[in-house]
Enquirer: 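Before I ask anything, let me first share the structure, which is written out below as structure tokens.
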Amino acid sequence: MSADSPGRPSWNSYFMDIAILVARRSTCLRRAVGAVLVKDRRILATGYNGAPGGVPHCAETGCLREKLNVPSGQRHELCRGIHAEQNAIIQAAYHGVSIKGADLYCTNQPCSICARMIINAGIRAIYYQHGYQDELAREMLEEAHIGVHHLDPS
């Protein structure tokens, strides 16, 4: 089957589909997010949002952000969970995998905390499906010359 064969997904669609599948492992009660780090069309690491390993999940403890009525995109420190992008970067580091020059496929556009990690990790481009209201993240990624690309979910 050639690259242009009907039904065969593009590389972007393929990796985004995997990010969507990874998001199904999320333990966040508000938003399930998945991330995949890719280099040379090879998956380096994946991550989803949720509580750190060995710590009770929000499904067990309840959502602190909901209890405190914290709006989306604000006060990220008031959460038990780690973002999907952070988990993917941590997993790569934990297993000694260099992600310098990698692309990030993420179901949601990164926040400013994740943007800072992405910049310092040497990630070269981000492909996301759903937007996120964080102007600082967009500004920093642009200043760092990291390509940010919206992939239409249709």
Side-chain angles (χ1 to χ4, degrees), residues 1-5 8-55 57-58 65 70 72-154:
M1 192 186 308
S2 74
D4 298 320
S5 297
R8 186 172 190 197
S10 68
W11 285 108
N12 283 341
S13 293
Y14 173 72
F15 291 123
M16 187 56 71
D17 286 349
I18 293 170
I20 292 165
L21 180 62
V22 170
R24 291 178 49 198
R25 291 281 307 155
S26 171
T27 60
C28 180
L29 300 175
R30 287 180 113 181
R31 180 186 322 230
V33 180
V36 179
L37 287 166
V38 176
K39 188 171 183 180
D40 300 326
R41 297 183 178 162
R42 302 292 180 254
I43 296 171
L44 303 176
T46 65
Y48 53 87
N49 59 327
V55 174
H57 299 296
C58 297
R65 295 174 61 79
V70 177
S72 179
Q74 297 179 18
R75 304 291 312 270
H76 297 289
E77 76 278 8
L78 296 176
C79 181
R80 299 176 62 79
I82 299 172
H83 290 185
E85 305 93 321
Q86 294 169 339
N87 264 329
I89 292 168
I90 290 166
Q91 284 302 308
Y94 186 88
H95 293 287
V97 176
S98 173
I99 57 173
K100 183 178 180 182
D103 294 335
L104 172 70
Y105 289 82
C106 194
T107 57
N108 288 78
Q109 187 175 357
C111 71
S112 58
I113 294 170
C114 291
R116 290 188 284 268
M117 290 182 72
I118 288 164
I119 292 165
N120 278 355
I123 292 168
R124 69 179 185 108
I126 299 166
Y127 297 87
Y128 71 94
Q129 193 171 62
H130 301 289
Y132 189 71
Q133 295 300 319
D134 192 328
E135 189 58 36
L136 179 58
R138 285 189 283 279
E139 289 173 11
M140 287 191 305
L141 292 166
E142 184 178 322
E143 290 168 0
H145 306 291
I146 295 175
V148 178
H149 312 279
H150 178 254
L151 297 178
D152 191 348
S154 57

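Computed from a predicted structure; not experimentally measured.
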Enquirer: Would you mind reporting whether Arg80 and Val55 have side-chain heavy atoms less than 4.5 Å apart?
Expert: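 Yes. Closest side-chain heavy atoms under 4.5 Å.
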Enquirer: Describe, in one word, how the ring planes of Phe15 and Trp11 are oriented to each other, choosing from parallel (under 30°), tilted (30 to 60°) and perpendicular (over 60°).
Expert: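 Taking Trp11 first and then Phe15, their aromatic rings lie parallel (interplane angle under 30°).
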Enquirer: Would you say the side chain of Ile119 lies within less than 4.5 Å of the side chain of Leu141, judging by non-hydrogen atoms?
Expert: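 The answer is yes, as the side chains (C-beta and beyond) meet within the 4.5 Å cut-off.
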Enquirer: Considering non-hydrogen atoms only, spot the tightest contact between Ala88 and Ala45 and give its length.
Expert: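 Reported closest heavy-atom pair: O-CB, 3.5 Å.
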Enquirer: In the structure I gave you, are the side-chain heavy atoms of His130 and Arg31 within less than 4.5 Å of one another anywhere?
Expert: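 No. Closest side-chain heavy atoms not under 4.5 Å.
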Enquirer: Search all heavy atoms of Cys106 against all heavy atoms of Met16 and return the closest pair with its distance.
Expert: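 Closest pair (atom of Cys106, atom of Met16, distance): O-CE, 3.5 Å.
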Enquirer: Quick one: CE on Met140 to CD on Glu135, what's the gap to the nearest 0.5 Å?
Expert: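 It comes to 11.0 Å.
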Enquirer: Taking Ile20's backbone N and O only, do any of them form a donor-acceptor pair with Thr107's side chain (distance below 3.5 Å, no angle check)?
Expert: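 Not confirmed, Thr107 side chain does not pair with Ile20 backbone.
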Enquirer: Between Lys39 and Ile99 (side chain of the first, backbone of the second, donor and acceptor by atom type, cut-off under 3.5 Å), is there such a pair?
Expert: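 Not a single qualifying donor-acceptor pair exists.
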Enquirer: Is there side-chain contact between Cys28 and Tyr48, with heavy atoms separated by less than 4.5 Å?
Expert: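 With C-beta onward as the side chain, the pair stays apart.
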Enquirer: Can you confirm whether Thr27 sits close enough to Cys58 that some side-chain heavy atom of one is under 4.5 Å from a side-chain heavy atom of the other?
Expert: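 Side chain of Thr27 against side chain of Cys58, heavy atoms only: no contact under 4.5 Å found.
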Enquirer: Could you measure the distance from the OH atom of Tyr132 to the SG atom of Cys114? Nearest 0.5 Å is fine.
Expert: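 SG of Cys114 is found 8.5 Å from OH of Tyr132.
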Enquirer: Might you work through the side-chain contact (heavy atoms from CB on, under 4.5 Å) test for Glu85 and Met117, ending with a clear yes or no?
Expert: CA-CA 9 Å; Glu85 305 93 321; Met117 290 182 72; over 6 Å; no
Enquirer: Over all heavy atoms of both residues, which pair between Pro110 and Ala137 is shortest? Give the atoms and the distance, please.
Expert: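 Looking at all heavy atoms of both residues, the closest pair is O-CB, 3.5 Å.
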Enquirer: Atom CD in Gln129, atom CG in Asp17: separation rounded to 0.5 Å?
Expert: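 Gln129 atom CD to Asp17 atom CG measures 8.5 Å (nearest 0.5 Å).
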Enquirer: Where the side chain of Asn108 meets the backbone of Val33, is there a donor-acceptor pair that is under 3.5 Å apart?
Expert: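 Judged by distance alone, no pair lies under 3.5 Å.
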Enquirer: Scan for side-chain hydrogen bond (donor to acceptor under 3.5 Å, both in side chains) pairs involving residues 111-128, sequence neighbours excluded, and state none if there are none.
Expert: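 Listed once each, the pairs are Asp103-Arg124, Ser112-Asp134.
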Enquirer: For the atom pair CD1 (Ile146) and CD1 (Ile123), what is the distance rounded to the nearest 0.5 Å?
Expert: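 One gets 7.5 Å once the value is rounded to the nearest 0.5 Å.
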Enquirer: Roughly how far, to the nearest 0.5 Å, is CG of Asn49 from CG of Leu29?
Expert: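 It comes to 10.0 Å.
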Enquirer: Distance only, no hydrogens: is a donor on one side chain within 3.5 Å (strictly under) of an acceptor on the other, for Arg25 and Thr46?
Expert: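 On atom types as modelled, these side chains do not qualify, holding no pair under 3.5 Å.
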Enquirer: Between Arg75 (side chain only) and Arg65 (backbone N and O only), is there a donor and an acceptor less than 3.5 Å apart?
Expert: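 Between the backbone of Arg65 and the side chain of Arg75 there is no qualifying donor-acceptor contact (under 3.5 Å).
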Enquirer: Just checking Glu142: does its CD atom have more than 12 heavy atoms from other residues, nucleotides or ligands closer to it than 6.0 angstrom?
Expert: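 12 or below, so no.
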Enquirer: Would you indicate whether the side-chain heavy atoms of Leu104 and Ile89 approach each other to under 4.5 Å?
Expert: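 Sidechains of Leu104 and Ile89: no contact.
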Enquirer: When rounded to the nearest 0.5 angstrom, what is the spacing between CD1 in Ile113 and CD1 in Ile82?
Expert: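 That separation rounds to 11.5 Å.
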